[in-house]
Amino acid sequence: YQRRVHGLTLTFIEWVWTVAFSGDGKYLASGSADKTISLIDIASLTRVHQFNGYHTDYVLTVNFSADGKYLATGGMDNRVNLILVEQRQLLKAFTDIHQESVSTVLFSPNGKYLITGSTDLSVKIIDVSSQQVVKQLTNVSTGKIQTYSCYLGVILSLIHIS
């Protein structure tokens, strides 16, 4: 597929499922059905990097930390990736924390934690510095978990992380 929007033309093999702006306004990230993550420089409107091989199925969610240092991704392969944006490299792949598709990845406002939600009815809280799961909620009754920024403080307070 090829689309041109405001002077930006990008070609994707499959549909784009998710997009996010970095908190510093420097980049746009996208996740696609072709299993890739694209990093687009906003100033030049060019794709500066394409991450291949980080997912084995559709990329369903992408999100940046507020400072733009990290990019998190999740997909239908049950995998969560933590990427160092400027270095363009994978910091950590979480391949066994969810049993089903990862539908949401979201950083805490201070960037200390990465929250992931899955169709396996679980929410995981990952400490970014140690790259360890520090808290988890299981059997979340909503069916499909979709965590929005406005609920982040409530989630963190419920599990006693500040």
Side-chain angles (χ1 to χ4, degrees), residues 1-5 7-108 111-136 138 144-149:
Y1 301 97
Q2 189 174 54
R3 299 285 186 242
R4 184 169 177 78
V5 179
L8 173 64
T9 302
L10 295 172
T11 302
F12 296 92
I13 296 170
E14 294 285 344
W15 291 3
V16 174
W17 286 104
T18 181
V19 295
F21 280 101
S22 61
D24 60 7
K26 191 172 181 180
Y27 296 112
L28 174 72
S30 68
S32 303
D34 66 3
K35 309 170 197 169
T36 65
I37 303 128
S38 291
L39 189 63
I40 300 157
D41 179 81
I42 298 299
S44 65
L45 296 178
T46 58
R47 184 182 349 224
V48 294
H49 194 76
Q50 183 167 303
F51 299 96
N52 297 304
Y54 285 23
H55 285 280
T56 60
D57 208 334
Y58 293 6
V59 180
L60 298 177
T61 180
V62 297
N63 213 324
F64 287 94
S65 59
D67 61 6
K69 182 177 179 180
Y70 300 104
L71 173 65
T73 69
M76 288 185 70
D77 55 4
N78 313 345
R79 181 180 177 130
V80 174
N81 292 311
L82 186 58
I83 298 168
L84 291 166
V85 175
E86 289 303 322
Q87 293 84 355
R88 316 262 199 277
Q89 71 181 151
L90 183 65
L91 178 62
K92 174 83 175 190
F94 299 90
T95 58
D96 60 355
I97 62 172
H98 289 292
Q99 303 306 307
E100 292 182 18
S101 297
V102 177
S103 56
T104 301
V105 292
L106 182 66
F107 286 92
S108 62
K112 289 183 177 182
Y113 301 100
L114 171 62
I115 295 90
T116 66
S118 170
T119 58
D120 66 6
L121 307 179
S122 73
V123 173
K124 309 292 173 136
I125 311 298
I126 299 166
D127 180 288
V128 173
S129 62
S130 69
Q131 292 120 44
Q132 298 295 316
V133 175
V134 294
K135 295 278 185 176
Q136 58 186 335
T138 57
K144 292 183 178 178
I145 298 167
Q146 294 192 353
T147 307
Y148 296 100
S149 299

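Annotation: side-chain hydrogen bond (donor to acceptor under 3.5 Å, both in side chains) contacts of Lys124 (sequence neighbours excluded): Gln136. Looking at residues two or more places apart in sequence or on another chain, you find no side-chain hydrogen bond (donor to acceptor under 3.5 Å, both in side chains) involving Ser101. With sequence neighbours excluded, the residues satisfying side-chain contact (heavy atoms from CB on, under 4.5 Å) with Ser44 are Asp41, Thr46. In this structure, the side-chain hydrogen bond (donor to acceptor under 3.5 Å, both in side chains) partners of Glu100, at least two apart in sequence or on a different chain, are Thr119. In this structure Asp96 satisfies the side-chain hydrogen bond (donor to acceptor under 3.5 Å, both in side chains) test with no other residue, sequence neighbours excluded. With sequence neighbours excluded, the residues that form a salt bridge (Lys or Arg N to Asp or Glu O under 4.0 Å) with Lys26 are Glu86. Thr56 is linked by a side-chain contact (heavy atoms from CB on, under 4.5 Å) to Asp77, counting only residues two or more places apart in sequence or in another chain. Qualifying side-chain contact (heavy atoms from CB on, under 4.5 Å) partners for Ala66, counting only residues two or more places apart in sequence or in other chains: none.
Between Ile126 and Val134, every side-chain heavy-atom pair lies at or beyond the 4.5 Å cut-off. Taking the side chain as every heavy atom from C-beta outward, Ile115 and Val123 approach each other to under 4.5 Å. Annotation: side chain of Phe64 is not in contact with side chain of Asp24 (no heavy-atom distance under 4.5 Å). Under the 4.5 Å side-chain criterion, counting only non-hydrogen atoms from C-beta, Tyr27 is in contact with Val85. For the pair Ser32 and Val59, the minimum side-chain heavy-atom distance is 4.5 Å or more. For the pair Trp17 and Tyr58, the minimum side-chain heavy-atom distance is below 4.5 Å. Contact check for Thr116 versus Thr104: no side-chain heavy atoms found under the 4.5 Å cut-off. With contacts defined as side-chain heavy-atom distances shorter than 4.5 Å, the pair Val105/Leu114 qualifies.
Although no hydrogens or angles enter the test, the distance criterion places a donor-acceptor pair under 3.5 Å between the side chain of Ser108 and the main chain of Tyr113. A donor-acceptor pair is defined here as one N or O able to donate and one able to accept, closer than 3.5 Å; such a pair exists between the side chain of Ser65 and the backbone of Tyr70. Between the side chain of Asn78 and the backbone N or O of Gln99, at least one donor-acceptor pair lies under 3.5 Å.
With values rounded to the nearest 0.5 angstrom, Asp57 atom CG is found 11.5 Å from Asp34 atom CG. Once rounded to the nearest 0.5 Å, the distance linking OG of Ser130 with NZ of Lys112 reads 12.0 Å. Rounded to the nearest 0.5 angstrom, Ile37 CD1 and Thr73 OG1 are separated by 4.0 Å. Note: Asn81 CG to Leu90 CG = 5.0 Å, rounded to the nearest 0.5 Å. In this structure, Ser22 OG and Ile40 CD1 are separated by 11.0 Å, a value rounded to the nearest 0.5 Å.
For residues 32-56, the ring-ring contact (aromatic ring centres under 6.0 Å, His included) pairs, not counting sequence neighbours, are His49-Phe51, Phe51-Tyr54. Residue pairs that meet the salt bridge (Lys or Arg N to Asp or Glu O under 4.0 Å) test with at least one member in residues 60-73, sequence neighbours left out, do not exist here.
Heavy atoms only, all atoms of each residue included: Val133 and Lys135 are closest at CG1-O, 3.5 Å.
Side-chain atoms of Ser38 and Arg47 include a donor-acceptor pair closer than 3.5 Å. Side-chain contact, Thr36 with Asn52: no donor N or O sits under 3.5 Å from an acceptor N or O.
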